[in-house]
Visitor: 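For reference, the structure I am asking about is given below.
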Number of protein chains: 2
Amino acid sequence: MFSKACEYAIRATIYIARQSQEGLRASLVDISHEIDSPVAFTSKILQQLVKAGIIFSTRGQTGGFFMENSKIESKSVAEIVSAIDGDSIYTHCGLGLKECSGAEPCPVHEKFVEIREKLRSTLETTTISAMASSLKNGLTYLKR
Amino acid sequence: MFSKACEYAIRATIYIARQSQEGLRASLVDISHEIDSPVAFTSKILQQLVKAGIIFSTRGQTGGFFMENSKIESKSVAEIVSAIDGDSIYTHCGLGLKECSGAEPCPVHEKFVEIREKLRSTLETTTISAMASSLKNGLTYLKR
DNA sequence: TTTTAATCGGACAAATATATCCGAATAAAA
DNA sequence: TTTTATTCGGATATATTTGTCCGATTAAAA
């Protein structure tokens, strides 16, 4: 469904949000440890999230990654996904046809439109905040 | 969603079914041309489908691929998908956790279970026969 | 001012998925 | 029997994704 990079991105963002809610910055090694991801690869992904304006970073000693409280509330998983994987998850034809559409559909088009729309609305309505909360309450996990 | 191999597999199977309904065998080059796929790669995929018992093949002149009528009616897209991509599409955690489950869920677990179940039931209830029919009636396409 | 601890950026490496090549095996047609 | 047209199987090649290395940059602490 998502690329590995995108999976790491979502897990990292939830962790960063959770730390930010406590007024803390998260360092790269800290993040990688908490979400169980390869450090250098995670670094690249965090840079993409910074460029997309989803998280912020500061360099130097005491530096690290953090998220504004307003963004924790307003940003959805969908925005992380489109920053890392683009919108192919919503647009790519189920059978790989380049010009598949309602006018010239592949044999699974109608059914896939339905599933993709359900996925889209799920991702768009799931906020970082909600996921950080379930993590805080010990109801969900970011590794294992 | 599906691997490219799986996309080709589904398209090829629909075409083979359609030809079989007319009492014809489909050759590899014919199939690749009709579904617009790389010939040698498609060959490997068709071999997997033969081993999985979804399609049949005969060698030699006048040889080719075909499908029994009973299987055209009974087989679903789900069976092609599991022959090529396995069941990871139903089981893989949305955030890539190895041990994600209802007991120790990732933050999107509940929502993803729902989407995956919808996908599963869609794939299981979509028969090769139904897709071959829409193709026959000119309502759907296998290339472009 | 120097050291230290952090992110950034570019090049490189490994693993996986996608795709190609070609000879062997098969079976019908010539 | 030979030729022809097909699938099968193994080795190889290419592209993409995933992952690593390391020096440059930054900024706080010593």
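When reading the values below, keep in mind they use all heavy atoms of this one structure, side chains included, and skip hydrogens, waters and symmetry mates. Below, read A as the first sequence line, B as the second, and so on, with proteins coming before strands; counting in each chain starts at 1.
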Visitor: When the distance from CG of L24(A) to P of dA6(C) is rounded to whole Å, what number comes out?
Guide: 14 Å
Visitor: Could you pull out the protein-nucleic contacts involving nucleotides 28-30 of chain C (nitrogen or oxygen on both sides, under 3.5 Å)?
Guide:
{"residue": "dA28(C)", "atom": "N3", "partner": "Q61(B)", "partner atom": "OE1", "Å": "3.0"}

Visitor: Determine whether a donor-acceptor pair (N or O, by modelled atom type, separation under 3.5 Å) exists between the side chain of R116(B) and the backbone of Y90(B).
Guide: yes
Visitor: R11(A) side chain to L95(B) main-chain N or O, any donor-acceptor pair under 3.5 Å?
Guide: yes
Visitor: Given atom CZ of F56(A) and atom P of dT26(D), what is their separation to the nearest angstrom?
Guide: 19 Å
Visitor: Output the rounded distance in Å from CD (E7(A)) to P (dT18(D)).
Guide: 8 Å
Visitor: Are the side chain of K143(B) and the backbone N or O of H33(B) linked by a donor-acceptor pair below 3.5 Å?
Guide: yes
Visitor: Test for a donor-acceptor pair under 3.5 Å between the base of dT25(D) and the side chain of R59(A), counting only N and O atoms.
Guide: yes
Visitor: Would you indicate whether the side-chain heavy atoms of L28(B) and I31(B) approach each other to under 4.5 Å?
Guide: no
Visitor: Mind calculating the distance between CD1 (I45(B)) and C1' (dT20(C)) to the nearest angstrom?
Guide: 13 Å
Visitor: N/O contacts under 3.5 Å, protein versus nucleotides 19-21 of chain D?
Guide:
{"residue": "dG19(D)", "atom": "OP2", "partner": "Y8(A)", "partner atom": "OH", "Å": "3.2"}

Visitor: Tell me: CD of Q48(B) to P of dT7(D), nearest whole Å?
Guide: 16 Å
Visitor: Write down the distance between CG (D36(B)) and P (dT18(C)), rounded to a whole number of angstrom.
Guide: 16 Å
Visitor: May I have the distance from R25(B) (atom CZ) to dA27(C) (atom P), rounded to whole angstrom?
Guide: 11 Å
Visitor: Taking only side-chain nitrogens and oxygens of S43(B), does any of them come within less than 4.0 Å of OP1 or OP2 of dC8(D)?
Guide: no
Visitor: Within the 3.5 Å criterion, strictly below it, is a donor on T42(A) or S37(A) matched to an acceptor on the partner's side chain?
Guide: yes
Visitor: Does a side-chain heavy-atom distance below 4.5 Å link K75(B) with T127(B)?
Guide: no
Visitor: Looking at E22(B) and R18(B), is any side-chain nitrogen of the basic one under 4.0 Å from a carboxylate oxygen of the acidic one?
Guide: yes
Visitor: Could you check whether atom CD of E68(B) has more than 12 heavy atoms from other residues, nucleotides or ligands sitting under 6.0 Å from it?
Guide: yes
Visitor: Are R25(B) and F66(B) in a cation-pi contact, defined as NZ or CZ under 6.0 Å from the six-membered ring centre and within 45° of the axis?
Guide: yes
